[in-house]
Chemist: 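The following block contains the structure, expressed as structure tokens.
First the proteins, then the strands, lettered A, B, ... as listed; each starts at 1. All values below come from the heavy atoms of this structure, side chains included, with hydrogens, waters and symmetry mates left out.
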Amino acid sequence: MAKVLVVTSGKGGVGKTTSTAALGAALAQGGKNVVLIDFDVGLRNLDLVMGAERRVVYDLINVVNGDAKLAQALIRDKRVPTLSLLPASQTRDKDALTDEGVSQVIEELKEKFDWIICDSPAGIERGATLAMRHADVAIVVTNPEVSSVRDSDRIIGLLDSKTVMAERGEQIEKHLLLTRYDAARAERGEMLNIEDVLEILSIPLLGIVPESEEVLRASNVGSPVTLANAASAPARAYFDAARRLNGETLDMTIPSDRKSLFGKLFGRRAA
Amino acid sequence: MTIAARPRHSIRFHSRSFHAMALAPEAPLADWLAELDAWLERSPDFFVGRPIVLDLSSNEWSESDVLGLTKDLGERKIQILGLEGADRSWLDPALPPLLTSGGRQESAPDRVIAALDNDDAAAGAPPPPPRPHSLLLDSPVRSGQYIEHLQGDVIVIGSVASGAEIVAGGSIHIYGTLRGRAIAGADDPRARIFCRKLEAELLAIDGLYMTADDMGPHLRGRSVQVWLDGDSVMVTAQD
């Protein structure tokens with residue numbers, strides 16, 4: 001049974017695209033058929049993070065308008081065969097997307113994929129509401145700081161009113177993904193701590209992804225962080241989150257990049 | 001013998017209530033109008049787009065007084081939506097409509113709206129006077145949500161997020177943290193606001209408000225009761 005997942009946040013720059021790519025890759029590596037859809041029309045980034053920017057021919061708008069078939073627009077990942085990408089248009093804007101068009105695309109994708117992950121743009125306007133409209137599950141990406149938390153709260157309110165599930169009277173499954181978490185800063189009181197964020201947002205925690213330089217390195221080489229460096233702290237956090245999405249119960253931990261003694265002794269190869 | 005029924009057009013009547021600001025003129029009118037002009041000089045666009053109702057309860061006005069006033073206000077670009085507290089016998093068609101149900105919660109006997117159909121099976125029934133009742137919300141109020149319930153109290157089981165707003169005709173009870181705005185007693189100074197943890201942005205009772213800056217720092221984060229003492233908003237801790 002296909003599941004439609006939306007990765008949203010309200011606030012920009014908190015890690016939606018990074019998380020969409022990382023979780024998508026993690027789920028696909030687990031054997032599922034996963035498709036990632038970039039809903040950020042005009043400001044697309046998912047193709048860059050996936051390393052597919054030089055293979056984009058047709059995009060979501062082309063499919064919605066009927067200029068191309070879905071199969072022509074889907075880009076299969078070269079590293080993980082069960083992972084595909086449906087990019088957004090860079091030249092058009094959000095007004096080109098229609099509710100019926102998006103609905104039809106998602107229905108068609110449900111026949112071929114187990115997970116359909118929609119990468120929402122920032123904000124609460126049409127792009128964001130269309131991305132969440134047909135979702136069964138929502139991941140609210142939040143940084144542990146006040147503006148991000150308030151914006152996430154707004155988005156949670158919209159998830160409970162502007163989705164098809166909400167209109168049917170059902171509650172959409174919501175998960176909190178805390179990203180760019182810096183334990184040292186939280187201890188010094190510069191960042192909100194996890195309990196504060198959970199108290200304000202009151203939705204179950206899916207995972208805690210620590211702040212790490214690995215994320216930028218991975219996007220610079222056009223790879224989700226779970227593929228570029230699977231042993232890194234953020235990648236391990238995403239793998240855990242993917243397992244929880246699949247229904248596993250795991251203890252909540254914050255992976256760290258601290259090297260073990262072994263790693264310190266044999267850290268670098270001599271020239 | 002059956003009588004063929006007349007085909008009826010369905011003309012439907014619905015009950016609606018809208019919000020309007022009530023402007024209360026005072027005698028002597030010339031002085032009052034002068035004050036109004038001074039106000040308009042300072043805030044020229046204040047009345048643009050606002051539905052205004054004239055509250056005539058402060059004085060015994062004559063029909064011609066009010067007709068003149070409506071014209072004077074029209075010249076100042078203030079459009080009068082209706083008259084509150086007017087004499088029922090005034091029938092001049094140039095007058096704004098007489099409003100009888102709603103407005104200030106005084107005893108206003110509801111008029112029966114005459115049905116278009118003259119049969120006994122009248123289509124229009126008198127609108128029943130609204131009974132006060134509470135609105136119960138058992139999930140948190142999220143940022144950006146606006147809850148309005150003018151017919152009574154509002155009870156929230158959960159927190160009210162920063163950027164959310166609750167407007168109640170009666171009291172507001174929050175079994176959680178209040179981080180947003182609570183506006184109680186729209187028109188009832190006896191209303192109170194209760195919350196388990198005060199982190200509010202704004203509290204108001206019967207139009208008198210207090211922002212977060214004005215709340216004593218010793219009260220932030222505590223369980224409080226907010227009420228009106230004359231013209232002051234009083235906040236006391238409950239724990």
Chemist: Considering only heavy-atom distances, could you tabulate the donor-acceptor pairs under 3.5 Å between chain A and chain B?
Modeler:
from	atom 1	to	atom 2	distance (Å)
A:Arg150	NE	B:Ser162	OG	3.1
A:Arg150	NH2	B:Ser162	OG	3.3
A:Asp153	OD1	B:Arg142	NH1	2.9
A:Asp153	OD2	B:Ser143	N	2.5
A:Glu199	OE1	B:Arg179	NH2	3.3
A:Glu199	OE2	B:Arg179	NH2	3.4
A:Leu201	O	B:Arg142	NH1	2.8
A:Leu201	O	B:Arg142	NH2	3.0

Chemist: Quick check: are there more than 12 heavy atoms from other residues, nucleotides or ligands sitting under 6.0 Å from CZ of A:Arg244?
Modeler: yes
Chemist: Run the salt bridge (charged side-chain N to carboxylate O under 4.0 Å, His left out) test against A:Glu167 and tell me which residues pass, sequence neighbours left out.
Modeler: A:Arg133
